[in-house]
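Accompanying notes for the structure given below.
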Amino acid sequence: MDNSNKKYKTPDSNISKVEEPTVAYNSEKTYANIEDHPLFVKVIEKSIKEAKEGKGSTTEEVMKRVREKYPFLK
């Protein structure tokens, strides 16, 4: 019987290994603490501003929307 049309080869066949290439990422600065990252600071400042302007939702409003959208979670 000819085994050349087998869908899967046995482990002892000569299969090339696939290796992930080594890439050197040159970043200017790594942030050990996320609070030091400039984008984090901007997002927090924007969130505080929106909260002071009343643009947020209360917990009760959010929970009501969740219960309406996912009634099986009751």
Side-chain angles (χ1 to χ4, degrees):
M1 184 171 155
D2 185 15
N3 290 335
S4 61
N5 290 332
K6 280 180 122 178
K7 187 172 184 178
Y8 301 103
K9 295 184 178 185
T10 59
D12 61 331
S13 63
N14 293 331
I15 299 174
S16 299
K17 290 184 179 181
V18 177
E19 294 181 14
E20 188 172 338
T22 304
V23 179
Y25 296 101
N26 297 322
S27 60
E28 294 177 14
K29 183 176 180 180
T30 58
Y31 295 94
N33 187 350
I34 192 166
E35 294 174 358
D36 296 333
H37 196 284
L39 292 178
F40 179 79
V41 174
K42 287 181 183 179
V43 168
I44 294 299
E45 288 172 353
K46 180 182 175 189
S47 298
I48 291 171
K49 179 183 171 193
E50 289 177 354
K52 287 181 181 178
E53 294 172 353
K55 292 185 178 179
S57 299
T58 65
T59 303
E60 290 79 19
E61 292 171 340
V62 172
M63 292 307 295
K64 182 181 176 186
R65 287 194 299 249
V66 168
R67 286 188 201 104
E68 289 172 356
K69 188 171 183 178
Y70 305 103
F72 56 88
L73 293 177
K74 291 182 179 179

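Starting from 1, each residue takes its place in the sequence as its number. Keep in mind that what you see is a predicted model, and the values were worked out from it rather than measured. Excluded from the calculations below are hydrogen atoms, water molecules and symmetry mates; all remaining heavy atoms, backbone and side chain alike, are included.
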Q) Taking it one step at a time, do E68 and K64 satisfy side-chain contact (heavy atoms from CB on, under 4.5 Å)? A) CA-CA 6 Å; E68 289 172 356; K64 182 181 176 186; 3.3 Å; yes
ask   = Given R65 and V62, is the side-chain contact (heavy atoms from CB on, under 4.5 Å) satisfied, shown in steps?
value = CA-CA 5 Å; R65 287 194 299 249; V62 172; 3.5 Å; yes
- Message: Run V41 and E45 through side-chain contact (heavy atoms from CB on, under 4.5 Å) and show every step you take.
- Response: CA-CA 6 Å; V41 174; E45 288 172 353; 3.5 Å; yes
(message) For T58, is there any backbone N or O sitting under 3.5 Å from a side-chain donor or acceptor partner on E61?
(response) yes
Quiz item: With the 4.5 Å side-chain cut-off for hydrophobic clustering, are I34 and I44 part of the same group?
Solution: yes
- request: Answer with yes or no whether the hydrophobic clustering places L39 together with I48; edges join I, L, V, M, F, W, Y residues whose side-chain heavy atoms lie under 4.5 Å apart.
  value: no
Value for CD (E53) from CD (E50), rounded to nearest 0.5 Å, stands at 7.0 Å
